[in-house]
Protein chains: 4
Amino acid sequence: MTDLTASPAINVRDRILDAAMRLFVDKGYHPTTIPDIVKASGTSIGAVYHHFEGKEDLARQLHQQVIAEFMGFVGAEVLNGSNAETSIRAYTELMFRLTEERPYFVSYLLHARPRAVVDDNLTVCSREGLEVTSEIIRIGKANGEIIDADERVLCGLISGTIMRIVDMRADHIVPGSLIALVDPVAELIWRAIRI
Amino acid sequence: MTDLTASPAINVRDRILDAAMRLFVDKGYHPTTIPDIVKASGTSIGAVYHHFEGKEDLARQLHQQVIAEFMGFVGAEVLNGSNAETSIRAYTELMFRLTEERPYFVSYLLHARPRAVVDDNLTVCSREGLEVTSEIIRIGKANGEIIDADERVLCGLISGTIMRIVDMRADHIVPGSLIALVDPVAELIWRAIRI
Amino acid sequence: MTDLTASPAINVRDRILDAAMRLFVDKGYHPTTIPDIVKASGTSIGAVYHHFEGKEDLARQLHQQVIAEFMGFVGAEVLNGSNAETSIRAYTELMFRLTEERPYFVSYLLHARPRAVVDDNLTVCSREGLEVTSEIIRIGKANGEIIDADERVLCGLISGTIMRIVDMRADHIVPGSLIALVDPVAELIWRAIRI
Amino acid sequence: MTDLTASPAINVRDRILDAAMRLFVDKGYHPTTIPDIVKASGTSIGAVYHHFEGKEDLARQLHQQVIAEFMGFVGAEVLNGSNAETSIRAYTELMFRLTEERPYFVSYLLHARPRAVVDDNLTVCSREGLEVTSEIIRIGKANGEIIDADERVLCGLISGTIMRIVDMRADHIVPGSLIALVDPVAELIWRAIRI
DNA sequence: CATGAATGAGAATTCATTCAT
DNA sequence: AATGAATGAATTCTCATTCAT
């Protein structure tokens with residue numbers, strides 16, 4: 001089982017990126033000022049501009065790093081099976097464990113819509129998260145495990161269900177760890193889409 | 001069937017609110033400037049400050065108006081049936097029709113997280129959208145139509161599936177009208193949760 | 001003895017002028033807004049612009065009215081005697097009675113430096129108040145009642161002493177009515193300047 | 001004899017404070033804009049906001065600095081004698097020399113009524129100037145040098161006379177240096193209040 | 001005469017970025 | 001590499017004034 005925890009930020013660059021991620025999640029990109037990031041990271045204005053070209057570049061590098069780490073987890077945990085049912089369970093488990101262990105990371109994944117950073121206006125979920133689901137469906141259909149419904153609908157059900165529960169937990173709407181819900185959720189999804 | 005279309009903004013206040021909604025969706029709250037709103041609404045700075053106390057108050061009033069209108073639709077279309085299956089179909093249809101007829105309204109519902117406006121940091125969907133789903137589940141369980149699973153999970157599946165498909169369409173990830181998907185989606189959800 | 005009390009403002013123009021005087025004294029000219037004056041006078045924006053050309057014109061007319069009323073009191077109470085000692089007593093009494101009966105009127109006299117209204121930057125006291133004192137000194141010297149000192153010095157002592165005590169009372173630095181101090185003050189001034 | 005001249009403002013903060021003092025005296029607090037201060041001080045908007053929290057804070061710090069410097073002069077020149085007659089002469093000389101050497105400093109002392117800056121609405125003179133005079137009177141009465149009159153009246157005569165002559169000079173109503181008037185003024189005041 | 005919605009020039013303030021040390 | 005004082009473009013908001021009703 002992959003270690004999902006983040007290594008504690010030791011160097012200046014990582015301290016800045018980590019502080020920026022938390023602030024972007026808590027306050028949003030625009031309301032977060034460079035001095036905010038400086039204060040939260042215990043560094044200096046000069047250090048920020050030494051490591052990044054500016055606020056936008058900092059956001060872009062943060063975004064790429066988060067995506068890369070997320071896709072790494074997905075590759076290691078989800079897309080290595082050739083079976084749709086176990087992949088759905090693995091994807092659910094990955095997302096729920098991440099939510100419990102790294103809530104800021106997940107909140108960033110769910111909500112960051114960095115217009116200044118990427119030309120479109122999509123969250124990581126709408127873009128990379130969807131690729132994961134599409135791949136699972138492709139495998140499942142090829143294996144004859146999954147009903148022959150519209151792909152948009154299947155995608156929406158799988159990723160929507162998982163992300164929505166993560167969202168409710170990250171927003172503190174619902175209490176309690178999600179770990180116990182991995183099996184119930186995976187089973188419910190499977191009820192809907194299995195042959 | 002309720003008329004979901006917005007009446008064309010005729011007075012200054014509504015023209016400002018309408019322009020603000022579109023700009024908040026397209027650019028986000030912070031990057032939208034008062035001059036942007038003035039230009040888009042064909043009014044004047046003074047008019048904005050005559051009708052609203054400031055940008056924040058404008059956002060707050062917009063938020064309340066959108067919520068009120070949405071809850072009005074929900075009350076008229078969804079929460080008047082005593083049957084979970086038809087309520088789910090009605091909810092799906094409402095959201096899909098709104099997406100086609102008033103895409104900005106729906107994008108606002110899905111993504112506006114106005115920290116400055118409400119003390120928490122939730123989208124309309126996370127809050128009001130959840131109430132709708134909870135109510136449907138309550139009815140369905142009382143009627144013995146729905147399996148006895150964790151409420152968070154059922155909620156997540158129903159609202160997550162619907163919202164996710166709306167989201168993909170609003171983000172132009174998937175092309176084509178959602179109207180044809182009302183029945184397939186409602187049926188898929190129903191496969192998952194029916195006794 | 002002249003009646004120093006202001007007749008209650010009955011018509012719109014006077015209500016506006018009276019409200020403006022109080023607000024100019026309490027908040028200052030610039031921080032006082034037209035809506036402030038409208039609220040305090042119970043009139044309307046339109047009424048203000050009907051009776052005055054604008055804020056500056058309102059201030060100018062107020063200034064002229066205050067000066068005219070003050071000079072009327074001075075003419076009736078102070079400058080009708082041919083004797084310096086009684087004139088000084090009369091001037092002292094006039095200022096002290098005004099301070100008790102119309103504190104806003106006196107505060108306006110003492111502190112209003114309406115740069116926008118008159119081209120120089122003097123209070124009514126520095127201009128009109130000084131003319132009064134100069135005239136008293138002229139009479140006193142002609143009568144041989146007053147020592148032959150520098151006129152600036154004599155002026156400063158007479159008007160400075162009176163105005164300073166009024167000032168302290170108007171600013172609420174010292175408590176208690178000034179009426180009982182009329183004789184002591186006039187006598188002290190006289191000790192300094194009599195032959 | 002204390003050096004009353006101001007050292008030329010060398011650092012940015014002092015250049016800003018000095019420019020602000022002159023502008024507040026010449027135009028008043030409200031009509032003075034931040035760009036005015038920037039232009040007059042040869043600095044930048046950013047520099048103003050780097051050194052002060054805002055226009056109000058700038059005014060507050062200026063006020064405190066002027067008071068502190070004034071009270072320093074008073075302590076060194078006036079309140080070190082144990083004799084009322086010489087203290088009055090010293091106070092007169094201090095004020096008249098300041099008027100000649102630092103007219104803006106004195107105009108600020110006399111007229112700045114910074115409502116936004118101190119909770120009451122008094123000039124430095126009404127407050128700190130009064131303490132000086134009260135102390136002189138206390139000494140004089142203890143020594144049996146001064147007549148037993150109402151303290152408000154004695155205060156008013158001493159500080160009123162001095163301030164008024166300074167005022168007339170600062171307002172350019174009277175021409176010519178005040179230095180030659182130190183003895184005549186001190187003697188006239190003394191005639192009024194000595195036993 | 002009276003009203004107050006609408007206007008926009010001008011003010012204070014913020015904050016990303018630069019650069020001398 | 002690191003620092004933080006200095007810069008000024010861009011933003012929000014105020015308020016005197018106009019004018020249709």
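In the text below, chain A, chain B and the rest are named by the order of the sequence lines, each starting its count at 1.
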Closest-nucleotide 5' rank along DNA chain E - winner of D:Pro35 and B:Gly42: B:Gly42

Check: B:Thr33 main-chain N/O paired with B:Asp36 side-chain donor or acceptor under 3.5 Å: yes

Of the listed nucleotides F:dA2, F:dA16, E:dA16, the one nearest the side chain of A:Thr33: E:dA16

Nearest-nucleotide pick for C:Ser44, side chain only, options being F:dA5, E:dT3, F:dA16: E:dT3

Watson-Crick or G-U stems of DNA chain E, 3 or more pairs, under 3.5 Å, by first number: E:2-21 with F:2-21

Whole angstrom value for the distance that separates P of F:dT17 from OH of C:Tyr49: 4 Å

Closest to side chain of C:His51, choosing from E:dG8, E:dT17, E:dA2: E:dA2

For atom CG of B:Asp14 and atom C1' of E:dA6, their distance in whole Å: 17 Å

Position toward the 5' end of DNA chain F (nearest nucleotide), B:Glu53 or C:Lys55: B:Glu53

First of C:Thr32 and C:Gly46 reached from the 5' end of DNA chain F, by closest nucleotide: C:Thr32

Length of the CG-P vector between C:Asp36 and F:dA16, whole Å: 8 Å

Whole-Å gap separating C1' (E:dT14) and NZ (A:Lys27): 12 Å

Separation of atom CD1 in C:Ile45 from atom P in F:dT21, rounded to whole Å: 18 Å

Between D:Asp18 and D:Tyr104: side-chain donor-acceptor atoms closer than 3.5 Å: no

Test log, rule salt bridge (charged side-chain N to carboxylate O under 4.0 Å, His left out), inputs B:Glu69 and B:Arg102: CA-CA 12 Å; B:Glu69 194 175 2; B:Arg102 296 179 62 189; 2.7 Å; yes

Whole angstrom value for the distance that separates P of E:dG4 from CG of B:Asn11: 19 Å

NZ or CZ of D:Lys55 within 45° of D:Tyr49 ring axis and under 6.0 Å: no

Residue mapping more 5' on DNA chain E - nearest nucleotide basis, B:Val48 or C:Thr43: C:Thr43

Closest nucleotide among F:dT18, F:dT3, E:dT3 to the A:Ala47 side chain: F:dT3

B:Lys27, NZ atom: more than 12 neighbouring heavy atoms under 6.0 Å: yes

Spacing of D:Ile34 atom CD1 relative to F:dA6 atom C1', expressed in whole Å: 16 Å

Distance, rounded to the nearest Å, where B:His30 contributes NE2 and F:dT12 contributes C1': 12 Å

N/O (side chain, B:His50) to phosphate O (OP1/OP2, E:dA5) under 4.0 Å: yes

Test of ring centre spacing under 6.0 Å for C:His63 and C:Tyr108: yes

Atom pair CD1 (B:Ile34) and CD1 (B:Ile45), whose distance is rounded to the nearest 0.5 Å: 8.0 Å

